[in-house]
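Single-structure report; data block below.
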Amino acid sequence: MSLHPSRDKMSASVAVYRNIYTEDRFQQAYGSEDSADGSVRLREKLAGRCRCSRRAWLHLLRERVPIFRWLPRYRLRKWILGDTVAGLTVGILHIPQGMAFALLTSVAPIFGLYTSFFPVILYMFFGTGRHVSTGTFAVVSLMTGSVVEQLVPSPLNSTASEASDFEAQRIGVASAVALLSGIIMLCMCGLQLGFLSTYLSEPIVKAFTSAAAFHVTISQLQSMLGLRLPRHTGTFSLFKTLASVMENLPHTNMAELLISLMCLAVLVPVKEINMRYRHRLRTPIPVEILTVIVATGVAYASSLDSSYNIEIVGHIPAGFPRPRMPALHTLPDIAGDTVAITFVGYAVSVSLAMIYADKHGYSIHPNQELLAHGISNTVSSFFTCFPSSATLATTNILESAGGYTQLSGLFTSLVVLIVLLLIGPLFYFLPKAVLACINVTSLRQMFLQFQDLPELWRISKMDFMVWLVTWLSVVVLNVDLGLAIGVVFSMMTVICRTQRAGCSVLGRASNTEIYRPLEKHSKCYEVPGVKILTYNGPIYYGNRSFFREEMSRLLGLTPEKIHSWEKARKALEKREREATINTVERGIANTSFSSENDFFKSETSQSDVQAVLIDCSSVIFVDVAGARLFTQMCTECQKVGVHVYLANCNESVLKILTSSGLMNYINPQHIFVTVHDAVMYIQQQKEKPPENTTTVWV
């Protein structure tokens, strides 16, 4: 018994007494404008885009160089302090991380400082992420270092001049990767392909970065232990490096091991304090730069390099880098790896930008981000920089330190510039083991992503499988190959979901226009004589067989039953012809014949379904194969005397169905705007007297 009779009356009146809309009737009343007007509008838009005016030029300048849009509206008193503090804090962190990540790239530490300067300045002009910190990133540096090691392997013994030439070759290859990566991004921006970053889903990115952290950690073990070992690349590189380290453990330099343990004992607890009390600390404790300064002073005072054969950074030239052409002859050899590096760098950058944009209430433009990072990598490559991207650690620090706008990048670059011009040579005695420890401890956030796995399993087991497959592929095989396998597996899961989309029977909730699946809503009832079906996915060549099987199962349209219905139809037609002849010969007037549906029911006694209504609201698209399948199903239903109705077709689906000739097999008046309109129409038709009564006058 209803507690709200007025509501029941209202819902009943809405359900019964409103107008019924077919698609044709709806188009006549509320239809869209014709194609001619659309083509005129399209011509006007194209003409408007081709016009050049001062206003249009300024608009384009603000769109492509966002600093001209946000800088005039900069709130100096409110934002300058936060941007200054955040920029200086991140700049201090860039110094040790830039040198450390340069070791991952297999180039001299000074080039890491260059990469921490130029991309930051360029992104400030062209980027749309207010809280994004660009520069060196561990995963991108590791992938670039694999390319450098493949093309310029480490020599066993070399003189000073040979070592200088060797470093020039390596940075030439790394700069060529940056140049090609920037060109790829600029081409993607020109083609408006910013949406491609969506193919690297969140489980893929998190699994990839987490697995890459293991590669970074294992690759740094030899520096932390003081071992001089060649760097392994290619498939199974992690296990090859680990086996090589284990084999050479007896040759560990105890002094470098002690330095590494002391650095870890300082870095790990302080970083934990920074993380736990980040809301109370105005700026995080700059433990990395403090460790670098102390370690450099101790190494200089104790002459650790000569006394204990400790590997140090060595000469760091002071001054601004001279422009230098990248190693263009290596572009064909690095093309494949650079594509993977480009996608990883862009995906991480856009993901970080969107996370903080959603948190602070502004928007990110993916194509403009492509332009910003493309220009950053392209221009920086001519100043001996390797590929850059947004970084996890510095972006988090920039936001927590109170940064407001991209202007914080100006203060970050000023700190790095001071080090380049004045302070750089003072790091001559810095042990490389310290930089290796900074590399390992900077990966803390990536390792902590394992904590998300239980929640991911609870939310989506399919996404959990994508995470697991990507992680195992990257760890076991290699960084770039594992990423490709993760993307392919993720795409396959999407294909499997569309191929096996759910098909169900809908029932109506009492006194409403609401229709829900019967297996999930026991209080909904099936409309008598009408089988309402819905398919939750597209209908295309990949899943047409499954769609046909599901529809045939729910309708009971097996080939045997269709054959028996055809035989019954032929028998009915023969009986009608014989009855007509006998009636005319005997002079019997006004003889009525039963309808085909009544005859079929008496013959089969299988089902009382007189109409099939297909709810197309979840069918997002249909291809030619799917449209032909619709036609075939309509033909089969007509053979058994069942009419087919469609409802909730979107315009693209309806256009394809119409163009494929479906209207030759289905009445255009049987296509409705909503499921309820179709049900009301079918019930009205059932209440009408039969029109197929045959009367013969003699």
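Model, not experiment: these values are computed from the prediction.
Distance check, rounded to the nearest 0.5 Å: CD1 of Ile334 to OG1 of Thr144 gives 9.5 Å. Between the CG atom in Leu453 and the CH2 atom in Trp471 there is a gap of 9.5 Å [rounded to 0.5 Å]. Here the straight-line distance linking atom SG of Cys496 with atom CZ of Phe489 works out to 8.5 Å at 0.5 Å rounding. In this structure, CD on Gln220 lies 9.0 Å from CG on Leu435, to the nearest 0.5 angstrom. Put simply, CG on Asp463 and CG on Asp452 are 12.5 Å apart, with the number rounded to the nearest 0.5 Å. Distance check, rounded to the nearest 0.5 Å: OG of Ser237 to CG of Asn478 gives 4.5 Å.
In this structure, the side chain of Thr395 engages the main chain of Ser133 through a donor-acceptor pair within 3.5 Å. In this structure a side-chain-to-backbone donor-acceptor pair under 3.5 Å is missing from Ser175 to Gly172. Side-chain atoms of Ser408 never come within 3.5 Å of backbone atoms of Gly87 as a donor-acceptor pair (strictly under, hydrogens ignored). The backbone N or O of Val107 lies less than 3.5 Å from no partner atom in the side chain of Thr105, so there is not a single donor-acceptor pair. A donor-acceptor pair under 3.5 Å is formed between the side chain of Asn274 and the backbone N or O of Ile285. Between the side chain of Ser460 and the backbone N or O of Trp457, no donor-acceptor pair lies under 3.5 Å. Of the possible polar contacts, none joining the Arg69 side chain to the Val65 backbone as a donor-acceptor pair under 3.5 Å is found. At least one donor-acceptor pair under 3.5 Å links the side chain of Asn439 to the backbone N or O of Ala100. Panel note: side chain Tyr404, backbone Glu399; no donor-acceptor pair is recorded below 3.5 Å. Although no hydrogens or angles enter the test, the distance criterion places a donor-acceptor pair under 3.5 Å between the side chain of Ser473 and the main chain of Val469.
The aromatic rings of His360 and Tyr356 sit parallel to each other, their planes meeting at less than 30°, with 60° as the upper class boundary.
Proximity of Ile418 to Ile423: side-chain heavy atoms (C-beta onward) are separated by under 4.5 Å at one or more points. With a 4.5 Å cut-off on side-chain heavy atoms, Glu288 and Val292 do not count as touching. For the pair Val416/Val120, no side-chain contact is recorded, criterion being any heavy-atom separation below 4.5 Å from C-beta on. Two residues are said to be in side-chain contact when any heavy atoms from C-beta on lie closer than 4.5 Å; Ile95 and Leu113 meet this criterion. Using a 4.5 Å heavy-atom cutoff, the side chains of Pro284 and Thr89 are in contact. By the 4.5 Å heavy-atom criterion applied to side chains, Val344 and Val139 are counted as neighbours. Counting heavy atoms from C-beta on, the side chains of Pro66 and His365 never come closer than 4.5 Å. Within the 4.5 Å cutoff, the side chain of Leu392 has no heavy atoms near those of the Asn396 side chain.
Heavy atoms from other residues, nucleotides or ligands lying under 6.0 Å from CE of Met325 number 12 at most. Within 6.0 Å of the CD atom in Gln192, the count of heavy atoms belonging to other residues, nucleotides or ligands exceeds 12. Dense packing is recorded around CD of Glu272, with more than 12 heavy atoms of other residues, nucleotides or ligands lying under 6.0 Å away.
Side-chain contact, Glu311 with Ser223: no donor N or O sits under 3.5 Å from an acceptor N or O. Neither side chain, Thr115 nor Ser388, offers a donor N or O lying under 3.5 Å from an acceptor on the other. Donor-acceptor pairing under 3.5 Å is lacking for the side chains of Gln406 and His131. Side-chain contact check for Arg231 and Ser106: at least one donor-acceptor pair (N or O, by modelled atom type) lies under 3.5 Å. With no hydrogens or angles considered, a side-chain donor-acceptor pair links Thr209 and Gln449 at under 3.5 Å. Under the 3.5 Å distance criterion, with hydrogens and angles disregarded, no donor-acceptor pair is assigned to the side chains of Ser146 and Asp337.
In this structure, Arg130 forms a cation-pi arrangement with Tyr362, its terminal cationic atom sitting closer than 6.0 Å to the ring centre and no more than 45° off the ring axis.
Partner of Val287 under the side chain to side chain contact (heavy atoms under 4.5 Å, CB included) criterion, chosen from Leu93, Val268, Thr441, Val266: Val266.
When every heavy atom of Pro119 is checked against every heavy atom of Ser376, the shortest pair comes out as O-OG, 3.8 Å. What you find for Val415 and Ile92 is that their closest heavy atoms are CG1-N, 3.9 Å. Nearest heavy atoms, Ala353 versus Glu369: CB-OE1, 4.3 Å. Nearest approach of Ala295 to Pro431, heavy atoms of both residues: O-CD, 4.0 Å. Scanning both residues, Arg170 and Pro153, for their nearest heavy atoms gives NH2-C, 3.7 Å. For the pair Ser349 and Ala390, the tightest heavy-atom approach, listed with the atom from each and the gap, is OG-N, 3.0 Å.
Separation of the Tyr114 and Phe386 ring centroids does not fall under the 6.0 Å cut-off. Ring centroids of Phe450 and Trp467 are separated by less than 6.0 Å, placing the two rings close together. The distance between the ring centers of Phe101 and Phe111 does not fall below 6.0 angstrom. With ring centers used as reference points, Tyr123 lies under 6.0 Å from His373.
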Trace of the side-chain contact (heavy atoms from CB on, under 4.5 Å) decision for Ser219 with His215: CA-CA 6 Å; Ser219 68; His215 282 271; over 6 Å; no

Given side-chain contact (heavy atoms from CB on, under 4.5 Å), test Met446 with Leu443 step by step and report yes or no. CA-CA 5 Å; Met446 300 183 190; Leu443 304 172; 3.7 Å; yes

Run the numbers on Phe118 and Val379 for side-chain contact (heavy atoms from CB on, under 4.5 Å), then give the verdict. CA-CA 8 Å; Phe118 290 99; Val379 176; 5.9 Å; no

Begin from the C-alpha positions of Phe126 and Arg64 and carry the test side-chain contact (heavy atoms from CB on, under 4.5 Å) through to its verdict. CA-CA 7 Å; Phe126 298 98; Arg64 294 307 179 194; 6.0 Å; no

Residues Phe117, Phe383; criterion ring-ring contact (aromatic ring centres under 6.0 Å, His included); working and verdict: CA-CA 10 Å; Phe117 174 75; Phe383 292 92; 9.2 Å; no

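Salt bridge status for Glu256 with Arg228: present, with a side-chain N to carboxylate O gap under 4.0 Å.
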